[in-house]
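See below for the structure under consideration.
All ligand and atom numbering here is 1-based and tracks the order in the structure.
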Amino acid sequence: MHGTVSVTRGKKLTIHTYTAPELGWRANTHIIELPNELVLFDAQLTPALAREVVTIANALGKPITRLYISHAHPDHFAGATEIDAPTYALASVQKLINRSGDLRIERGYQYTPGHGDAETITSRPIDHAVEAGEEVIDGVRFSFEPVKDAETTEQLAIGFPDEDIVIAPDVLYNGVHLFIGEHAFDAWEAAIARLEARPYNIILPGHGLPGGRSIYDAQRAYLAVAREAFAEANGPEDLNNRLEAAFPEFGGSAMQGLQNFYLYPEPASTEN
Ligand SMILES: [Zn+2]
């Protein structure tokens, strides 16, 4: 096994958070274990990592009934082809993946060291659109909460109002360099504030290990440093060096290649 699994126990559910190794950008897949079934959240960057998730899920002895995808970045949806369950995403995310999923995966691999020999994988369309609001699945209340304009245009958070837990996608990372490819620092801070205003105390981030509400302050601190570093850096390499010097213990620097593709476009910028 290459990733790590952290277990968060609630009253009616248990969430097994699989955190990818550096090769998978430390992205999380959350295996939400309900009384009779499993619901997965996000699908990993490579087929091999997704298969590792499936092996862990299968050991729980319950069927995987749904796969939710938070947003249209390859570290969250590429591995969906390996997961045998209907897929769900916000309508805007569904559109992006269905239209340009293959390109997104290809680009993610192209700019990530060590992916030159990654298995070929094609994007799988999203089956169902998710709307904001609540739904009870296998006796557990899910609250679908779209978050706009943070790390990408729109992404899905799932709150569990009876469990004090939120799955916070890529609005929040923990101990992992943020993906600042959109350099939308103000919007990201606003998204953090909106999520922070929700009542949840147990935070399952998009990358890195689960934690508590201190993740909010840590995130703001990172954004402040990243904003300044981006303003002052004389190019991609200088930016990487500044971020790594400021947060030497952080993972996720494998994302820097793709990040710099967006931050320092040549010849023309492309949609994130
Ligand atoms: Zn991500």
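Proximity of a side-chain donor or acceptor of Asp138 to a complementary backbone N or O of Asn36 within less than 3.5 Å is detected. A distance-only check finds a donor-acceptor pair linking the side chain of Lys62 to the backbone of Pro35 [under 3.5 Å].
The closest approach of His207 to the Zn ion (ligand 1), by N/O/S atoms, is made by NE2. The Zn ion (ligand 1) lies closest to atom OD2 when only the N/O/S atoms of Asp75 are considered. Shortest distance from the Zn ion (ligand 1) to Asp170 is reached at OD2 (N/O/S atoms only).
Summarising the geometry of Pro125 relative to Asn98, their closest heavy-atom pair is CA-OD1, 3.2 Å, with the distance given to 0.1 Å.
Backbone or side-chain N, O or S atoms of His71 do not reach the Zn ion (ligand 1) at under 2.8 Å.
Classified by interplanar angle (parallel below 30°, tilted 30° to 60°, perpendicular above 60°), the ring pair Phe247/His177 is perpendicular.
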